[in-house]
Amino acid sequence: MTFDYDLFVIGGGSGGVRAARIAASEYGARVGLAEESRMGGTCVIRGCVPKKLMIFASQAEAHAAEARGYGWAGAQAGAFDWQSFHKKLDAELTRLEGAYTGGLAAANVEIHKSRAKLYDAHTVELADGQRLTAKHILIAVGGRPQLPGFEGEELGLISDDLFLMDKLPGRVLVVGGGFIACEFATILNGLGAETVLAYRGDAVLRGFDMEMRRHATEQLRAVGVDLRLNQKDLKLEKDGDRVRAHLDEGPETFDAVMFATGRAPYTKGLGLEELGVKLAKNGAIVVDDYSQSSVPSIFAVGDVTDRVNLTPVAIREGHSFADTVFGAKPRTVDHSLYGAAVYVRPHEVASIGLTEEEAAERGQHDVYSASFRPMRSLFAGSDARAVMKLIVDSDSQKVVGCHIFGPEAGEMIQLVAIPMGMGATKAQFDAAIAVHPTLAEELVTMRKPARHIGGKAADKTVGKA
Ligand SMILES: Cc1cc2nc3c(=O)[nH]c(=O)nc-3n(C[C@H](O)[C@H](O)[C@H](O)COP(=O)(O)OP(=O)(O)OC[C@H]3O[C@@H](n4cnc5c(N)ncnc54)[C@H](O)[C@@H]3O)c2cc1C
Ligand SMILES: NC(=O)c1ccc[n+]([C@@H]2O[C@H](COP(=O)([O-])OP(=O)(O)OC[C@H]3O[C@@H](n4cnc5c(N)ncnc54)[C@H](O)[C@@H]3O)[C@@H](O)[C@H]2O)c1
């Protein structure tokens, strides 16, 4: 049977673009790709990129305060001009969108600016009814924000809306306690909005190392976010052109309420069930180690599979898919070891490998930990503490976890990911001569474990790092 394409990709985000480009440019496959919105997907258009630029923008006042601490009397951030920032942001996203589109075109990928859905196991149907056949179909449609099911939730905004607002809200309620809620609260608070964060748990960033979670929670409060923890379900109602939220403390009025209560795979209406593609309860496409679904010609990568919902993971899955199917180089992705950072400020949370809690459950481990006030902020008059933690398997002495709470922690964890991926031991970390004075030198100078966890010696403090 002949097909229009060797590969048709649905979704021009992180995973889809990489898979299409590699299949076409490295392996000569004839590739078509459909994107219903802007090329680049969530990360480029309404996620990682605009979010991080906004984090940078939100720190002007903190930088001015630090400058004052260094003797720049009267240093001030000035007034934030949302319109001019927004214009620049739009231009940057358009530039990136162009780069993604250009990269695909240069690889001879045919782009269809349309929504696509499955017609049969080898055919996709575009919004105008056009049907295109392909030997392989890759679903890379990502996820969508998930609303929590509160009464009046239609009055709330989702993360996409932060990047489209005409003006900043004066008073804003952010609901949730994950990556997005913490980063958005940091941005909104830093840009000058009176920011309340309502979360149902007692510490933000569920899933991260508990010590890091506590520091992140305290830091949000310290920078001025009004944290409301252990909140029950909310109710929202209209209050003129504002929104009244019924919090545990009683009704309060906000200019905007923003939900950051998780994301769900965007599989609705794609025609997957009709074809017998196995889906998980939350709509995620169930795939094997090679990203192949229960229908052999259909593969899926990225957030739509709900494995690890991060851009570099989606990219790796897309690349591995192309290598496997078109390059005759079968590759799987190791989802057990990946770095992640949450860009709260002034100190980020960054992490790779086992948390202290996970390690304790798995067996005996040594925890090396250092908590200190970094010289840069200390000199400027800040009490903010940084924390570095290494989790070491007591038997093998391999470093199996690293957690950092500190300035540019994301940059540091990226480098720690290299020795950890190579299976480095604590002794090999220590063999590196420190770079002084840096924060990162703590990672190679912690001599004695702060405590042993898991097994008999658990929780016994044995020394000071
Ligand atoms: C606010 C926010 C901040 C984030 N920050 C980070 C971060 O700092 N670091 C990080 O690693 N990750 C971050 N993420 C997560 C990251 O964006 C995702 O993990 C990543 O984009 C997933 O890539 P993907 O290819 O699976 O899907 P996406 O990037 O979501 O791409 C899917 C694409 O498919 C298109 N599409 C969907 N359905 C169809 C259809 N039927 N037909 C045609 N096109 C379709 C969509 O328009 C979209 O462009 C963030 C996410 C959000 C929401
Ligand atoms: N820096 C980064 O790498 C980064 C940044 C943003 C997003 N992301 C990715 O995007 C994904 C989605 O982010 P997210 O923050 O929306 O999801 P998340 O899963 O990290 O957090 C969702 C939060 O909402 C809370 N929640 C869920 N239902 C609720 C309810 N009914 N009431 C109150 N709270 C409720 C959860 O307890 C959780 O704290 C992340 O898991 C991550 O993979 C990554």
Side-chain angles (χ1 to χ4, degrees), residues 8-19 33-52 54-55 97 100 112-118 124-127 138-150 153 158-163 174-184 187 197-201 203-208 213 231-234 258-272 300-315 317-318 338-344 348-351 410:
F8 196 93
V9 179
I10 306 183
S14 308
V17 167
R18 174 60 69 94
L33 180 148
E35 168 54 58
E36 68 175 340
S37 175
R38 295 178 69 179
M39 193 66 76
T42 305
C43 181
V44 176
I45 305 297
R46 54 193 87 84
C48 334
V49 173
K51 175 275 305 283
K52 197 151 184 197
M54 282 196 177
I55 289 276
E97 189 183 0
Y100 275 78
H112 301 270
K113 294 201 124 222
S114 166
R115 181 167 172 79
K117 61 179 187 176
L118 290 163
V124 296
E125 186 174 280
L126 303 184
L138 179 70
I139 316 277
V141 295
R144 282 284 182 278
Q146 197 175 29
L147 292 176
F150 296 157
E153 68 181 11
I158 55 169
S159 61
D160 301 2
D161 296 315
L162 177 71
F163 310 115
V174 179
V175 184
F179 282 79
I180 296 181
C182 293
E183 292 178 342
F184 277 28
I187 290 167
L197 179 76
Y199 178 49
R200 59 185 178 182
V204 297
L205 295 179
R206 190 182 54 181
F208 279 81
R213 296 179 62 190
Q231 284 285 325
K232 295 195 197 67
D233 282 1
L234 284 171
M258 188 160 279
F259 288 111
T261 46
R263 293 173 62 83
Y266 188 40
T267 45
K268 212 165 162 226
L270 268 188
L272 290 160
V301 295
D303 286 9
V304 75
T305 62
D306 196 24
R307 286 175 282 184
V308 174
N309 299 326
L310 295 172
T311 280
V313 178
I315 290 174
E317 289 168 359
Y338 59 90
V342 189
Y343 302 101
V344 288
E348 296 172 352
V349 175
S351 167

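Note: hydrogens, waters and symmetry copies are ignored here, and every other heavy atom, side chains too, is used. We count ligands from 1, going down the list as the structure has it; atoms in each ligand are counted the same way. Because the structure is a prediction, the values reported are computed rather than measured. Along the sequence shown, the residues carry numbers beginning at 1.
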Is [X] near ligand 1, meaning one of its heavy atoms is under 4.0 Å from it?
X      : value
Lys117 : no
Arg46  : yes
Phe179 : no
Met39  : no

Please compare [options] and report which has the shortest non-hydrogen distance to [atom].
atom                    : options                        : answer
atom 33 (C) of ligand 1 : Glu35, Arg18, Met54            : Glu35
atom 32 (C) of ligand 1 : Ser37, Ala140, Gly302          : Ala140
atom 41 (N) of ligand 1 : Gly47, Ser114, Ala116, Gly410  : Ala116
atom 13 (C) of ligand 1 : Cys48, Ala341, Pro145          : Cys48
atom 15 (O) of ligand 2 : Ile180, Val175, Ile55          : Ile180
atom 34 (N) of ligand 2 : Arg263, Arg206, Arg200         : Arg200
atom 27 (O) of ligand 1 : Ala300, Gly142, Ala340, Gly15  : Gly142
atom 22 (C) of ligand 2 : Ser159, Gly149, Gly262, Gly143 : Gly262

If we only count N/O pairs under 3.5 Å, is [X] in contact with ligand 1?
X      : value
Tyr343 : no
Arg115 : yes
Glu36  : yes
Ser159 : no
Lys51  : yes
Arg144 : no
Tyr266 : no

For [X], take its heavy atoms, then give the atoms of ligand 2 lying under 4.0 Å from any of them.
X      : answer
Pro148 : 30 (C), 31 (N)
Asn309 : 9 (C), 42 (C), 43 (O)
Glu183 : 1 (N), 5 (C), 6 (C)
Ala341 : 1 (N), 2 (C), 3 (O)
Tyr343 : 1 (N)
Leu310 : 3 (O), 43 (O), 44 (C)
Ala260 : 16 (O), 22 (C), 23 (C), 24 (O)

Which atom pair, heavy atoms only, marks the closest approach of [X] to [Y]?
X      : Y      : value
Val301 : Arg307 : CA-NH2, 3.9 Å
Leu118 : Leu272 : CD1-CD2, 3.3 Å
Gly410 : Ala350 : N-CB, 3.8 Å

Measure the [atom1]-[atom2] distance between [X] and [Y] for me, rounded to the nearest 0.5 Å.
X      : Y      : atom1 : atom2 : result
Leu126 : Lys113 : CG    : NZ    : 13.5 Å
Tyr100 : Ser14  : OH    : OG    : 6.0 Å
Leu310 : Cys43  : CG    : SG    : 9.5 Å
Arg144 : Arg263 : CZ    : CZ    : 7.5 Å
Asp160 : Leu162 : CG    : CG    : 10.0 Å
Arg115 : Leu270 : CZ    : CG    : 5.5 Å

I'd like to know if the side chain of [X] reaches the main chain of [Y], judged simply by a donor and an acceptor atom lying under 3.5 Å from each other, with no hydrogens or angles considered.
X      : Y      : value
Glu35  : Ser37  : yes
Ser114 : Ala127 : yes
Asp306 : Asp303 : no
Glu183 : Ile180 : no
Glu125 : Lys117 : no
Arg213 : Leu205 : yes

Nearest protein heavy atom with distance in Å, relative to [atom]:
atom                    : result
atom 24 (O) of ligand 2 : Thr261 CA, 3.2 Å
atom 41 (O) of ligand 2 : Phe179 CD1, 4.0 Å
atom 26 (O) of ligand 1 : Asp303 N, 2.8 Å
atom 11 (O) of ligand 1 : Thr311 N, 3.0 Å
atom 18 (P) of ligand 2 : Gly178 CA, 4.1 Å
atom 39 (O) of ligand 2 : Tyr199 CE1, 3.1 Å
atom 32 (N) of ligand 2 : Phe150 CZ, 3.3 Å

Worksheet item: Can the ring centres of Phe179 and Phe208 be said to be less than 6.0 Å apart?
Response: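 Judged by ring-centre distance (under 6.0 Å), Phe179 and Phe208 do meet the cut-off.
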Pick one of side chain, backbone, both or neither for how [X] approaches ligand 1, counting any non-hydrogen atom pair under 4.0 Å.
X      : answer
Ile180 : side chain
Arg263 : side chain
Thr42  : both
Leu270 : side chain

Discussion item. Test of understanding: with side-chain contact (heavy atoms from CB on, under 4.5 Å), list the residues that count as partners of Ala264, not counting sequence neighbours.
Written reply: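 Applying side-chain contact (heavy atoms from CB on, under 4.5 Å) to Ala264 gives Gln146.
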Item to complete: Check whether any side-chain heavy atom of Leu138 lies under 4.5 Å from a side-chain heavy atom of Ile10, and answer yes or no.
Response: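 No. Closest side-chain heavy atoms not under 4.5 Å.
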Discussion item. Just so I know, are the side chains of Pro148 and Glu153 near enough to count as touching, which here means a heavy-atom distance under 4.5 Å?
Written reply: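 Sidechains of Glu153 and Pro148: in contact.
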Item to complete: Please verify whether a non-hydrogen atom of Lys51 lies at under 4.0 Å from ligand 2.
Response: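 The answer is yes, since Lys51 has a heavy atom less than 4.0 Å from ligand 2.
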Worksheet item: Would you find more than 12 non-hydrogen atoms of other residues, nucleotides or ligands less than 6.0 Å from Tyr266 atom OH?
Response: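 Atom OH in Tyr266 is crowded, with more than 12 foreign heavy atoms closer than 6.0 Å.
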Worksheet item: So does Lys52 have more than 12 non-hydrogen atoms from other groups sitting under 6.0 Å from NZ?
Response: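 Yes, NZ of Lys52 has more than 12 neighbouring heavy atoms, counting only those of other groups under 6.0 Å.
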